[in-house]
Amino acid sequence: MLENASFRYGTLWVLLETSLHVAAGETLVLTGENGVGKSTLLYLLGGLLPATTGRVLFDGHAPNVSRPSDLVRQGIRRGFVFQHGALFANLTALDNVLLALRYHADVLGLDEQGIAKRGREALHELRVATTDFHTLPAHLSVGVRQRVGLARALAVEPNFVFMDDPDQGLDETTRELVLDLLVRLRDERGMTVVLTTTDPEVVRRLDVRVLELADGRLGSLRRA
Amino acid sequence: MHSTLPYDPRRSRAPERSFVGRVGKWGVSLYTRGMSLAATLGSAVLSVRTPGVSARRVVRRVLLTQIFYTGFQAVTLIGTIGVLLGATIVIQTQLVVPSADSTLIGKVLIAVVLRELAPLVTAIVVAGRSGTAIATELGNMKVSSEILALNSLGIDPSRFIVMPRLIASIASVIVLMVYFAAISLAGTAAVGIVLSNTSLSGLQAGLAAALTPYDLVLFLVKGAGLGTIVGWLCCHYGLEVKSSPTEVPQMASRAVVMSLLGCVAFNTLATALFYWTVGPPLR
């Protein structure tokens, strides 16, 4: 996925010429101290930031930051779970999930009924209460927002899933739900998953390849 | 192209000491800003050609919503300003030229209301009302990573965000200009009849005599140009917000100021060019 990629903010290099291959269906954990650039690396891997040097590829396709729909038409669907949800503030929970499905309905081969069905299923899977479906994100709790964010990312049935600290700020029940989901994603759906975390429990439960980012370089911590 | 960086907290802030260095830095900054502005407009225009039938349906819905907010909701305000300004012009004309006949009043109204006030006042109202809303909304979307979220879902921000707002701004400015001109001329006629001996038929004849086909062209050119400037600059400055909520009001303010400057400059340029090229028939 990463080919000799470097990235810098101004004069500060966050990532130095790094190559990283994540196999199809693999789950990879990125870890490192706070502020080391884990989220930036995840944005880079997810094709949301252009690399300063080098490039990022998804199954051989390079993302175009200013025209991301090209990737979807090439069969590459990404799901991204942001640290603070990043839900669309003017759309209800359900509409947040449905937006991408409606936008890509022709590519995904969905009609209006199929779109609604898939959106509702995604929210139900994350145990979002039906009463919250038509609520704006501002009126949802942090945990529900995070679950809606997960549902939005998974509803498009992505080939690549990126999660930025998916269990951060969640209560124990919601955290368990998210951890179970991560284990299921690892085992069942064949999606390529990259997530950042500082939580040793996530690393322990997932038991997959873990890379640590420090001083702009990725080091292998442990291989399952 | 816009920076999609979620934050940029550690940029080099070392001051440039030499004169040549400072001029160079200013030149580079000017070039970068110019290119970024051009990219905002260019990518929005080019996004019209992006394939995707269902995407087009979603964008059309956004466009209709934007037309409602930018155009329809401004009707009352534009109407009120139109009537009041029209009345003011007639009163001033009567004060300066007490013997003004309907032909002169017609000429003044066409020149002042139709050619200048309608485009400029409408653009100023749209920039003040909707421009701030657009810049603030997009700035907040940038801060809360919603633009990145769109990108991650394969939704083109220039097509989904900028293009509908740009088209809505153009359409709204043109329609509101027509409405402003109509209301303003009606208000003028009412006040003119009350204040002077001008008759409605006389005023109609005066307006008809002063109106030329060139006015329609100038009217449309100005409407399209001013609408583009407002929609373009407000989207651009909204998307220029990087990471901090405190940037949002700053960028919203800059968006409106730059839109107003752009509108006044464009209006003057359009008037000068038009009168220079087809001036005689308008006299």
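Lettering follows sequence order; numbering is per chain, from 1. All of these numbers come straight from a predicted model, not from anything done at the bench.
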So which atom in [X] and which in [Y] form the shortest heavy-atom distance, rounded to 0.1 Å?
X        : Y        : result
B:Ser54  : A:His104 : OG-C, 3.8 Å
A:Leu99  : B:Val58  : CD1-CG1, 4.1 Å
A:Tyr103 : B:Gly154 : CE2-O, 3.9 Å
A:Ala86  : B:Ala149 : O-CB, 3.7 Å

Quick one: what part of [X] sits under 4.5 Å from any heavy atom of chain B, side chain, backbone, both or neither?
X        : answer
A:Leu110 : neither
A:Phe82  : side chain
A:Arg77  : neither

Carefully, step by step, assess B:Leu148 and A:Phe80 under the rule side-chain contact (heavy atoms from CB on, under 4.5 Å). CA-CA 9 Å; B:Leu148 282 177; A:Phe80 209 108; over 6 Å; no

Under a 4.5 Å heavy-atom cutoff, which of B:Pro51, B:Ser158, B:Pro157 has the most pairs with chain A? B:Pro51

Can you tell me how far the CD1 atom of B:Ile147 sits from the CG atom of A:Leu48, to the nearest 0.5 Å? 12.0 Å

Find the distance between CG (A:Leu101) and CG (B:Leu153) and round it off to the nearest 0.5 Å. 9.0 Å

Within the supplied structure, the quantity of interest is the number of heavy atoms (other residues, nucleotides, ligands) at a distance under 6.0 Å from [X] [atom1]; does it exceed 12?
X        : atom1 : value
A:Glu121 : CD    : yes
A:Asn4   : CG    : yes
A:Arg184 : CZ    : yes
B:Tyr69  : OH    : no
A:His61  : NE2   : yes

I would like to know whether B:Ser152 and A:Phe162 meet side-chain contact (heavy atoms from CB on, under 4.5 Å); could you show each step before the answer? CA-CA 9 Å; B:Ser152 75; A:Phe162 301 90; over 6 Å; no

Take B:Arg56 and A:Asp106 through the side-chain contact (heavy atoms from CB on, under 4.5 Å) test and state the conclusion after the steps. CA-CA 11 Å; B:Arg56 206 164 295 144; A:Asp106 50 349; over 6 Å; no

Between A:Arg73 and B:Thr50, is there a side-chain heavy-atom distance shorter than 4.5 Å?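 Yes, close enough: below the 4.5 Å cut-off.
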
Taking the side chain as everything from C-beta on, heavy atoms only, tell me whether A:Ser69 gets closer than 4.5 Å to B:Ile155.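 A:Ser69 vs B:Ile155: side chains apart.
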
Counting heavy-atom pairs under 4.5 Å with chain B, which one of A:Gly47, A:Gly85, A:Ala105 comes out on top?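 Result: the option with the highest number of such pairs is A:Ala105.
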
Please flag which part of B:Leu46 lies under 4.5 Å from any non-hydrogen atom of chain A: side chain, backbone, both or neither.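 It is neither, since no heavy atom gets under 4.5 Å.
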
Determine, stepwise, if the pair B:Glu137 / A:Asn90 fulfils side-chain contact (heavy atoms from CB on, under 4.5 Å). CA-CA 10 Å; B:Glu137 184 191 13; A:Asn90 61 340; 4.1 Å; yes

